[in-house]
Asks: 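Below are the structure tokens for one structure; questions will follow.
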Amino acid sequence: MNNIMADITALCKRRGFIYPGSEIYGGLRGFWDYGPMGVELKNNIKREWWKSMVYSRDDVVGVDAAIIMKPEVWEASGHVNAFTDPLVECKVCHKRFRADHVEILKEHETKHKEKVKWTDQKKFNLLTEASLGTTEPKQKVYLRGEITQGVFVNFKNVVDSTRIRIPFGIAQIGKAFRNEITPGNFIFRSLEFEQMELEYFVDPSSKDDMKLFEYWKNERLGWYTSLGMNENKLRFRKHSDDERAHYARSAEDIEYNAPFGWSEFEGIHHRGDWDLSRHKLKYKDPISNNEYTPYVIETSGGVDRCTLFFLIDAYCVEEKRTVLKLHPKLAPYKAAIFPLLGNKPELKVKAKDIYNKLKVRFSVTLDERGNIGKRYFAQDEIGTPLCITVDFETLTDGAVTIRERDTMKQSRVAIDKIVDYINNIL
Ligand code: GAP
């Protein structure tokens with residue numbers, strides 16, 4: 001099980017997806033950097049999310065709020081008091097752990113010769129503090145612990161500056177920060193991560209809230225399977241009363257069956273009127289003139305966890321190759337263009353010419369190094385769906401050989417049909 005995680009982590013580093021943060025200074029636990037392949041994969045995920053949640057709908061608009069807000073926002077939202085995890089400390093070595101991570105506690109107990117004694121459970125606040133200003137004392141602020149509050153504090157601005165009317169949603173993608181007690185499982189639990197969220201506002205008197213809750217659950221699950229995630233590895237899990245966040249009336253997670261067990265990567269939450277009433281915000285219906293505090297149904301996905309699960313889901317070890325069978329929409333490159341031989345100028349010129357024409361429409365790469373087998377091997381490992389080879393016949397018949405990643409099937413395609421071929425797989 002852990003071998004798969006170790007193999008994927010190694011592939012991510014080797015091929016430029018994800019590197020440990022601050023690595024040349026020994027690393028900083030819980031922080032990760034995305035490399036040239038990783039940033040493409042992550043951007044593709046975010047772009048597909050935005051297309052499905054904003055562009056394809058009439059009832060959703062987007063915002064991009066500041067990471068740092070006045071501390072009053074976090075006091076009103078309840079995060080200063082209630083955004084906590086249970087913490088215990090080992091009295092032998094003073095390491096701190098999440099009290100609800102029972103397996104990790106047991107593992108730690110076996111490490112010490114003497115019997116481990118734990119401190120009483122304490123509440124540990126996850127908000128990350130920062131200080132602002134040039135004069136002392138500096139102003140204490142928080143890096144946002146969820147991107148969500150930036151939407152709520154702009155609720156009135158959005159209503160006043162657009163023609164959108166309830167029921168409607170506000171979408172946002174951005175960084176969030178949590179002082180996690182035990183970061184781990186590669187990019188699964190980090191201190192800095194990205195979220196992609198929708199806050200959908202509904203009139204409580206319409207009694208549509210639970211219907212919308214179910215609707216959004218299914219929309220979100222369907223989005224993952226539409227991008228190729230194996231539906232047998234996905235499930236919903238309802239939160240019990242004692243695990244729900246302080247703002248939630250009802251909550252269900254979308255979980256993935258990861259090598260380290262079923263794990264949450266998106267939450268669907270019924271936040272009721274918690275946030276807007278805490279920020280003293282109301283909505284006035286322009287037709288009935290009724291004023292009320294809307295309910296909020298939230299879909300809150302982690303970009304990094306979703307990136308990790310798309311990677312795990314796509315990771316395939318076959319007899320002679322390792323392949324990332326990523327959906328073509330998510331793959332960092334849609335195609336790689338090769339001259340059959342890297343030392344034949346006429347093939348190189350033709351390959352470069354095709355590459356130059358394709359690169360203005362798609363994310364593509366040109367690879368002239370090594371032999372063709374090595375180039376296929378490298379492209380399979382980064383999930384490139386198509387490899388396009390320029391050979392000697394190309395110079396006379398104006399066609400190339402296109403090899404498909406998953407089937408390894410090869411077909412001869414006229415150069416002027418390559419764009420259609422790529423569009424087809426997208
Ligand atoms: N606005 C609601 C909210 O933030 P959450 O369940 O606390 O809800 C939503 O977080 C998602 O954010 C999670 O499902 C997960 O994908 C991601 N997430 C939360 N904490 C994370 C962490 N420490 N590292 C990476 N992703 C995290």
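We count ligands from 1, going down the list as the structure has it; atoms in each ligand are counted the same way. Predicted model, so just to flag it, every value in this text is computed and none were measured.
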Asks: Do Phe260 and Phe188 have ring centroids that are under 6.0 Å from one another?
Replies: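 Centroid distance Phe188-Phe260: below 6.0 Å, so yes.
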Asks: Would you call Lys140-Glu129 a salt bridge at under 4.0 Å N-O?
Replies: yes
Asks: Among all protein heavy atoms, pick the one closest to atom 25 (C) of ligand 1 and tell me residue, atom and distance.
Replies: Phe188 O, 3.1 Å
Asks: Any heavy atom of Arg271 closer to ligand 1 than 4.0 angstrom?
Replies: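 Arg271: in contact with ligand 1 (<4.0 Å).
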Asks: Any pair with a residue in residues 263-274 that passes salt bridge (Lys or Arg N to Asp or Glu O under 4.0 Å), sequence neighbours left out, goes on the list, sorted by first then second residue, please.
Replies: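 Every salt bridge (Lys or Arg N to Asp or Glu O under 4.0 Å) pair that includes a residue of residues 263-274, provided the two are not neighbours, is Glu146-Arg271, Arg220-Glu266, Arg249-Asp273, Arg271-Asp275, Arg271-Glu298.
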Asks: Pairs of nitrogen or oxygen atoms closer than 3.5 Å, one from Gly301 and one from ligand 1: do any exist?
Replies: no
Asks: What protein heavy atom is closest to atom 24 (N) of ligand 1, reported as residue, atom name and distance in Å?
Replies: Ser190 N, 3.0 Å
Asks: With a 4.0 Å heavy-atom cut-off (strictly under), which part of Arg189 contacts ligand 1: side chain, backbone, both or neither?
Replies: both
Asks: Side chain, backbone, both or neither: which part of Tyr247 comes within less than 4.0 Å of ligand 1 when only heavy atoms are counted?
Replies: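 It is the side chain that touches ligand 1; the backbone stays farther off.
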Asks: How about Thr225 and Glu231: does a side-chain donor come under 3.5 Å of a side-chain acceptor?
Replies: no
Asks: With atoms numbered from 1 as shown, which atoms in ligand 1 lie under 4.0 angstrom from a non-hydrogen atom of Glu146?
Replies: 1 (N), 2 (C), 3 (C), 4 (O)
Asks: Tell me the protein heavy atom at minimum distance from atom 6 (O) of ligand 1, and give that distance in Å.
Replies: Glu264 OE2, 3.2 Å
Asks: Would you say the side chain of Val80 lies within less than 4.5 Å of the side chain of Tyr142, judging by non-hydrogen atoms?
Replies: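 Answer yes - side chains close enough.
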Asks: Is any side-chain heavy atom of Val296 less than 4.5 Å from a side-chain heavy atom of Trp274?
Replies: no
Asks: Could you find the nearest protein heavy atom to atom 18 (N) of ligand 1 and give me its residue, atom name and distance?
Replies: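 Residue, atom and distance for the closest contact: Phe193 CE1, 3.5 Å.
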Asks: Any idea which atoms of ligand 1 are less than 4.0 Å away from a heavy-atom of Thr148?
Replies: 1 (N)
Asks: Would you call Glu194 a ligand 1 contact, heavy-atom distance under 4.0 Å?
Replies: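 In this structure, Glu194 fails to qualify as a contact of ligand 1 - no heavy atom is under 4.0 Å.
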Asks: Considering all heavy atoms of both residues, which atom of Glu197 and which atom of Trp49 are nearest to each other, and what is their separation?
Replies: O-CH2, 3.2 Å
Asks: Phe265 heavy atoms, cut-off 4.0 Å: which ligand 1 atoms fall inside?
Replies: 14 (O), 16 (O)
Asks: Using 30° and 60° as the class limits, which term best fits the ring planes of Phe155 and Phe168: parallel, tilted or perpendicular?
Replies: parallel
Asks: Is any NZ, NE, NH1 or NH2 atom of the basic residue among Glu318 and Lys325 found under 4.0 Å from an Asp or Glu carboxylate oxygen of the other?
Replies: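 Yes.
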Asks: Considering only NZ, NE, NH1 and NH2 on the basic side and carboxylate oxygens on the acidic side, decide whether Lys217 and Glu214 come within less than 4.0 Å.
Replies: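 Salt bridge flag = yes for Glu214 with Lys217.
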Asks: For ligand 1, does His269 get within less than 4.0 Å through its side chain, its backbone, both, or neither, judged by non-hydrogen atoms?
Replies: side chain
Asks: In ligand 1, which numbered atoms sit nearer than 4.0 Å to a non-hydrogen atom of Glu197?
Replies: 1 (N), 2 (C), 3 (C), 4 (O)
Asks: Which residue supplies the protein heavy atom nearest to atom 10 (O) of ligand 1, what is that atom called, and how far is it?
Replies: Gln195 NE2, 3.4 Å
Asks: How far is atom 11 (C) of ligand 1 from its nearest protein heavy atom, and which residue and atom name does that atom have?
Replies: Ser300 O, 3.7 Å
Asks: Taking only residues two or more places apart in sequence, or in another chain, which ones meet Lys284 in a salt bridge (charged side-chain N to carboxylate O under 4.0 Å, His left out)?
Replies: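 Residues passing salt bridge (charged side-chain N to carboxylate O under 4.0 Å, His left out) with Lys284: none at all.
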Asks: For atom 19 (C) of ligand 1, which protein heavy atom lies nearest, and how many Å away is it?
Replies: Arg178 NH1, 3.4 Å
Asks: At what distance is the nearest protein heavy atom to atom 2 (C) of ligand 1, and which residue and atom is it?
Replies: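 Scanning the protein heavy atoms, the shortest distance from atom 2 (C) of ligand 1 goes to Glu298 OE1, 3.0 Å.
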